[in-house]
Colleague: 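Handing you a structure now.
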Amino acid sequence: MKDLIYVTVTVGFFAVMLLYVRACARLGERAASEESSS
Amino acid sequence: MTINGWLQIAVYSIALLLITKPLGVYVLRVYDGSLKWLGPVERVLYRAAGVDPEEDQHWTRYAASMLIFSAASMLLTYLVLRVQHILPFNPQGMGAVPDRQAFETSASFTTNTNWQSYSGETTMSYFSQMTQLAFHNFVSAATGVALAIALARGVARRSAGRIGNFWVDLVRGTLYLFIPLSTLLALLFVQQGVIQNFAHYVTVTTVEGVKQVLAMGPVASQEAIKQLGTNGGGFFNANSAHPFENPTPWTNFWQMFAIFMIPAALTYTYGRMVKNQKHGWTIWGAMFVLFIAGTATAYWAEARGNPIHAARGVDLVTTETNPGGNMEGKEVRFGIANSALFATITTDASCGAVNAWHDSFTPIGGLVPLVNMQLGEVIFGGVGAGLYGIIVMIILTVFIAGLMVGRTPEYLGKKIQAREVQMAMLFVLVFAGAILLTSGLSVVHPDGLKGLNNSGPHGLSEILYAFTSATANNGSAFGGLTGSTYYYNTLLGITMLVGRFAMHVPMLALAGFLAEKRSVPDTAGTFPVTTPLFAALLIGVILIVGALTFFPALALGPIVEHLLMQGGRLF
């Protein structure tokens, strides 16, 4: 049972990191568009 | 302190200076693709993995490749550790690694932390040591260098938006850099008496007539990459204090040298990549100043010793037959100078190997390793991690310099704007947040306090050190904290993952954003990045960011412990 929890935590962590990549990319795009419009 | 001790530190420093350029040129050739003598092996690996080596990746794809590779290799290691009892190369019949330790260990080695809550000689089979832990020693180190090179490409390239290919960088770093160098180092270690075998453990009778079991194993091969890859996870629990891992002063020198040689060389590689060699040497100089300051402080504190020992009749004066100072937790064959130097180097870098017990250092001596890690391990630093960490600090430095003169900051012809500073700050905040939140939780949580072996400020130092070491992916243990519990194994494992990957992502984003930028010509208002003034400002930013973030915690830990020690109180 605990094996399942640790595996889920690991997979979940890396899934969050992939979403974090997208979030950083969007943050960068927004900042870049604000810079170009200002 | 002795002249002999300072001479050894001087010899080390000169050797480091001399290796920087030749190895830096070699590293450059590894990553620019001009080395081809292992081309057939490379091609087989790319074909087997279905990788197109010609692909130049956007930073998001580079980051995703790195994350997927790390996730898959971590899960594989977890699985192998859980079933090692039914796998080969297990002459001692080691059982399955407990779930909590398997999770922490797989996170630890995947993240280049190599924190160990177990004794290798009583927990890990040879199979686990060689196929999993050693594998991560190579690839986690190669990943670190790959990411630093990717960031360097981001700085160097103009309007490109691409930062290289993660798979190619990983393979080339492993094949051309880490395997050849660690092979040479392993042979040198064997020549000096580091053991390398697959034998059963040996039972011997000591001179006192007591039976003792001597652990065996393929140590030299693990030891070489442990140091070169700034991994630090020892084959034995005593790590580099164990005579089978580090038997002579000569192996000790090479172990310390191996930690810094690639990080130092990378400053030269970086200078060449961004076509500003003087800037590379300026970074080297800033790192060296911080390194010497840390070494001198630790050496002074340990050579001065503990006044409470002196009050109880211990002779702290150095003579030909007495090392003097604080020898508690240190190996006689290394002495105070080489223990203080090793402790400084291993925590300047993200290595974490130890040849002395940091918990037994004086409070100020123990403060140095702690501060080194809290400064972000940018003093030469881990392989790759040191370079990308200091580039982030440079971005903040030029940003602050730009604020001072009221103009948009520039760095090597690139304008530093909102998104670059956002990513740099995210990098800094994740690091500080992970250390302080987890340490704060542990000093109030019953399970956190249960692990302590010392009370008062020393106990706080033990907790703070553990989470600093985990977040910084260092892996050295202060000692004194029982980390082999569900609470610590799980929380430290998660902290290591956050300290590695939640910092890698904004750093790669920074690389991608910089790579997209056009070049702007230098003007009279551009802040020069090759002067002593720049080096001083960079050092100031590193110290101020570290001090503002961690000083309150340090004041309650080692600093107050030092003051109380002067008043005759121990913890």
Colleague: Can you name the nearest heavy-atom pair linking A/Ala31 to B/Arg419, along with the distance?
Modeller: CB-CB, 3.6 Å
Colleague: Please report the shortest heavy-atom distance between A/Val21 and B/Trp59, naming the atom on each side.
Modeller: O-CH2, 3.4 Å
Colleague: Go through it in stages, so that I can follow the logic: the residues are B/Leu497 and A/Met17, the test is side-chain contact (heavy atoms from CB on, under 4.5 Å), and I'd like the CA-CA distance, side-chain angles, deciding distance and then a yes or no.
Modeller: CA-CA 10 Å; B/Leu497 293 172; A/Met17 285 298 106; over 6 Å; no
Colleague: To the nearest 0.5 angstrom, please state how far the SG atom of A/Cys24 sits from the CE atom of B/Met507.
Modeller: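 Spacing of SG (A/Cys24) from CE (B/Met507) equals 11.5 Å.
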Colleague: Is it the side chain or the backbone of B/Arg100 that comes within 4.5 Å of chain A heavy atoms, both, or neither?
Modeller: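 Both parts, backbone and side chain.
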Colleague: Looking at B/Ala102, B/Pro506, B/Ala107, which makes the most heavy-atom pairs under 4.5 Å with chain A?
Modeller: B/Pro506
Colleague: Could you check A/Val11 against B/Leu75 for side-chain contact (heavy atoms from CB on, under 4.5 Å), going step by step and ending with a plain yes or no?
Modeller: CA-CA 8 Å; A/Val11 173; B/Leu75 287 169; 4.0 Å; yes
Colleague: Provide the closest heavy-atom pair for A/Leu18 versus B/Leu67 in the form atom of the first, atom of the second, distance.
Modeller: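 Nearest pair, atom of A/Leu18 first, then B/Leu67: CD2-CD1, 3.8 Å.
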Colleague: Can you establish whether the number of heavy atoms outside B/Arg61 located under 6.0 Å from its atom CZ is more than 12?
Modeller: no
Colleague: Measure distances from A/Val16 to the heavy atoms of chain B and classify the residue's part below 4.5 Å as side chain, backbone, both or neither.
Modeller: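 Contact with chain B: none, neither part.
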Colleague: Check the orientation of B/Tyr78 and A/Tyr6. Use parallel for under 30°, tilted for 30 to 60°, and perpendicular for over 60°.
Modeller: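 Tilted, since the angle between the ring planes falls between 30° and 60°.
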Colleague: Let me know if B/Ala509 has heavy atoms under 4.5 Å from chain A in its side chain, its backbone, both or neither.
Modeller: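 When you check distances to chain A, only side chain atoms of B/Ala509 fall under 4.5 Å.
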Colleague: Report which part of B/Gln417 has an atom under 4.5 Å of a heavy atom belonging to chain A: side chain, backbone, both, or neither.
Modeller: both
Colleague: Evaluate side-chain contact (heavy atoms from CB on, under 4.5 Å) for B/Phe501 paired with A/Phe13, printing each intermediate quantity in order.
Modeller: CA-CA 10 Å; B/Phe501 300 109; A/Phe13 174 82; 3.8 Å; yes
Colleague: Are there more than 12 heavy atoms of other residues, nucleotides or ligands under 6.0 Å from atom CZ of B/Arg407?
Modeller: yes
Colleague: For B/Ser106, which atoms come within 4.5 Å of any heavy atom of chain A: side chain, backbone, both, or neither?
Modeller: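 Answer is neither: B/Ser106 stays 4.5 Å or more from chain A.
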Colleague: How far does CG of B/Asp99 sit from CG of A/Leu4, to the nearest 0.5 angstrom?
Modeller: 11.5 Å
Colleague: Taking all non-hydrogen atoms of both residues into account, name the closest pair between A/Tyr20 and B/Ala502 and its distance.
Modeller: OH-O, 2.8 Å
Colleague: Take a 6.0 Å sphere around CZ of A/Arg22 and say whether it holds more than 12 heavy atoms from other residues, nucleotides or ligands.
Modeller: no
Colleague: At a 4.5 Å cut-off on heavy atoms, which part of B/Leu426 comes close to chain A: side chain, backbone, both, or neither?
Modeller: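 For B/Leu426, side-chain heavy atoms alone lie under 4.5 Å from chain A.
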